[in-house]
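Below you'll find the structure, written out as structure tokens, and then a few comments.
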Number of protein chains: 2
Amino acid sequence: MRSKQPTIWDIAIKLNVSISTVSRALRNAPDINPETKKAVLDLAHQLDYQPNTIATSLRKNKTDIIGVMVPEFVHAFFPSIILGIQEVANAAGYKVMVMQSGESLEIEKHNLQAMVSSRVDGLILAITRETNDYEHIISAQRKGLPIVFFNRVVDELQGSKVMVDDYKGAYIAVQHLIQTGCRRIAHLAGPENMTIGRNRLNGYLDALKAHQVPIEDELIMHCDFVDGRARACTQRLLTMENRPDALFAVNDPTAIEALICIRENGLSIPDDIALAGFSNAPHGAFVTPSLTSVVQPIHEIGGLAAQLLLRQIKAPQQFIPETHVLDTTLVIRQSTRAKPE
Amino acid sequence: MRSKQPTIWDIAIKLNVSISTVSRALRNAPDINPETKKAVLDLAHQLDYQPNTIATSLRKNKTDIIGVMVPEFVHAFFPSIILGIQEVANAAGYKVMVMQSGESLEIEKHNLQAMVSSRVDGLILAITRETNDYEHIISAQRKGLPIVFFNRVVDELQGSKVMVDDYKGAYIAVQHLIQTGCRRIAHLAGPENMTIGRNRLNGYLDALKAHQVPIEDELIMHCDFVDGRARACTQRLLTMENRPDALFAVNDPTAIEALICIRENGLSIPDDIALAGFSNAPHGAFVTPSLTSVVQPIHEIGGLAAQLLLRQIKAPQQFIPETHVLDTTLVIRQSTRAKPE
DNA sequence: GTGAAAGCGCTAACAA
DNA sequence: TTGTTAGCGCTTTCAC
């Protein structure tokens, strides 16, 4: 903002005191005459004085801002997490600066630079699906930027991580499909370089193995969180000569794409094809048929990530990376068949 | 970020030049020896130097950040708009700082203070449903903060505004309901202190009048964007002795609440009750039955708001507030009846 | 083409 | 209890 706003200097002049006195009054330091203080605060109020946090940040070498970067926030998943982050951060006196990478590595790099340049005190990050080179992230960490990773987590990076039990979630979802009579279960999978994609795939595979359902490679389709790809993959699955009788999708947006495709093909869910997702969103309850999905504690993820980050910011020297794995549960709705008695 | 990062000083020392030379090289000023410049840039790269934008902002009295505050971003509407804002802002070299007020006036005030203190260069704002006192906003404007309002717009505030043709949208939606045979059309309305609520209500009323459909006050329910209220209102409408045969909802989240309530009551849409919304979101296409809704150019809203703001930031003295009203159209889906031939 | 120096608004020794 | 002063990292005159 370009215009001239009142500074402590203006207050000092009018009150015939020094700027340090004003500064003390404003930050209610202990060693100040109550009357002086009152005069300062009154005048500050009257002038509608707002401290220039730019100056404070420069001086104190901290901004009290934590950055958050997510791939997108059009779906409800990341916004819900950000909500959790904001609650914890604001309560601790921090502001939150949100950016989205749009699933683009280039934008991620650019935004990260901006965050570093803005000297955010810490960052909570879910990387893009494209991110396979981590130099920009490691470089920021080398500069001393504390980073907590969540959701999209990767072994190559060090730091605190918040994730959910993807393996178990996938396992119970697929097990449920098997127990309700499905035998050819396809998987609309996520990126294999990410833990999230690998673990969900492994849960899927192990559930099949444990129940002696044969694994068929052509039933595993990598959609990788790319918009539209799930639809194409589903279409391909539906036109196979021996089409699958169930789909397990790596997340809910993927599942909803599949759902639409199945409907368009005039097939019925769950009778022709059962469908289960992995809950990124509350919207699964509203589609028809409503979506059976693995539920994760969305709000908690954000809050926990913020807590870990704040701890690291406040005591960087005694920081030890922590990985938290939150529990997942299955919510059974209409898109999967009823269990036989 | 607390740790010590390289500064122009470090570069200057190593190269045995002055900091002004380094500064010039870094901003590629014209009057500098190409060799000096190259040396500086090389070293900067090697040290992984990132300029401290805090210092630059303080010095230049501008941050190149524009703030965005919205009531919430769990529904897709505001995130989509933010996307449009970011595109335009980033292309112009601005960063975007997003905050949400959570529909709370208190948080709105607090966040606005934070934005002012952070000296954002401008603000794009959709006020909360609670905001009926505008002093905090006017005060920020008095300080010279350019603000563009959108979606939730109010007569009492001056400044550029981006809105859609709410009146027309409501009118054509209700007209469609009438033309498809509905006669008792209820309205799940928005807050009356906002243009958005008033205009949609007026469109509803005028469409009824124009088609000689009697207006019944008890069919107008004020849900005011409060979560859960649409559900309660719908329940009340459904249990009226002479229940309505159509609902026009002020926005899609409201419509979806109504849809769920109607389904729970075992009534069929659109046969028992037709339903139309006002599109805040693309999700209307996925619910069953899919939602007839007034569509607004979401992406354009954000882009336009950003353009207006940037123009005002860059030439504040010759700024004249502009109000833009974007067009709306009706998308007919399954939640309303077919037109008679 | 380069350097010296002032200053953006604030905090925090240190002195008085 | 208050004032003086240095300085956070950078840009920008003004000299040279």
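Proteins get letters first, then strands, A, B, ... in listed order; numbering begins at 1 in each.
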Seminar exercise, completed: Closest of D/dT12, D/dC10, C/dT2 to the B/Thr56 side chain is D/dC10
Problem set entry | Side-chain N,O (B/Tyr49) to OP1/OP2 (D/dC10) below 4.0 Å | yes
Problem set entry | Nearest-neighbour nucleotide for the B/Asn33 side chain, D/dC10, C/dT2, C/dG9 considered | C/dT2
Exercise. Can a salt bridge be assigned to the pair B/Lys143 and A/Asp48 using a cut-off of 4.0 Å between side-chain N and carboxylate O?
Worked result: yes
Exercise. Just how far, in rounded Å, is P of D/dG9 from CZ of A/Arg119?
Worked result: 8 Å
Exercise. Expressed in angstrom and rounded to an integer, what is the separation of A/Lys143 atom NZ from D/dG9 atom P?
Worked result: 15 Å
Problem set entry | Closest to side chain of A/Ile19, choosing from C/dG3, C/dC10, D/dT2 | C/dC10
Exercise. If you take atom types as modelled and just measure distance, does the side chain of A/Ser20 reach the base of D/dT4 with a donor-acceptor pair under 3.5 Å?
Worked result: yes
Exercise. Choosing from C/dG1, C/dA12, C/dG3, which nucleotide comes nearest the side chain of B/Thr21?
Worked result: C/dG3
Seminar exercise, completed: Looking only at C/dG1, C/dA12, D/dT12, the nucleotide nearest the B/Arg27 side chain is D/dT12
Problem set entry | Of all pairs that satisfy salt bridge (Lys or Arg N to Asp or Glu O under 4.0 Å), the ones with a partner from residues 96-106 of chain A, not counting sequence neighbours | A/Glu103-A/Arg152
Exercise. Given that A/Thr36 and B/Arg24 both sit by DNA chain D, which one's nearest nucleotide is further toward the 5' end?
Worked result: A/Thr36
For this session: May I have the distance from A/Leu58 (atom CG) to C/dA12 (atom C1'), rounded to whole angstrom?
Result: 14 Å
Exercise. Any chance NE2 of A/His110 has more than 12 other-residue heavy atoms, nucleotides or ligands included, within less than 6.0 Å?
Worked result: no
Exercise. Counting any heavy atom closer than 4.0 Å, what does B/Asp31 reach on the DNA or RNA strands: base, sugar-phosphate only, or nothing?
Worked result: base
Problem set entry | Phosphate contact (D/dG3 OP1 or OP2) by A/Ser18 side-chain N/O below 4.0 Å | yes
Exercise. To the nearest Å, how far apart are A/Ile8 CD1 and C/dG7 C1'?
Worked result: 14 Å
For this session: Rounded to the nearest angstrom, tell me the gap between atom CD in B/Gln50 and atom C1' in D/dC10.
Result: 15 Å
Problem set entry | Residue A/Ala55, side-chain heavy atoms: nucleotide from D/dC10, C/dC10, C/dC8 that is nearest | C/dC10
Problem set entry | Atom-pair distance (CG on A/Asn61; P on C/dA12), nearest Å | 12 Å
For this session: Look at the aromatic rings of B/Phe73 and A/Phe73 and report parallel, tilted or perpendicular, splitting at 30° and 60°.
Result: parallel
Problem set entry | Minimum-distance nucleotide to B/Thr7 side chain [options: D/dT2, C/dG3, D/dC10] | D/dC10
Exercise. Think A/Ser23 has a side-chain N or O under 4.0 angstrom from the OP1 or OP2 of C/dC10?
Worked result: no
For this session: Round to the nearest Å and state the distance from A/Trp9 atom CH2 to C/dG7 atom C1'.
Result: 12 Å
Exercise. Got a salt bridge between B/Lys38 and B/Asp42, using NZ or NE/NH1/NH2 to carboxylate O under 4.0 Å?
Worked result: yes
For this session: Scan A/Ile32 against the nucleic acid and name what it touches under 4.0 Å (heavy atoms): base, sugar-phosphate only, or nothing.
Result: sugar-phosphate
For this session: Report yes if the side chains of A/Ser160 and A/Phe319 come closer than 4.5 Å at any heavy-atom pair, otherwise no.
Result: yes
Problem set entry | Rounded distance (Å) that lies between atom P of D/dG9 and atom CD of B/Gln5 | 10 Å
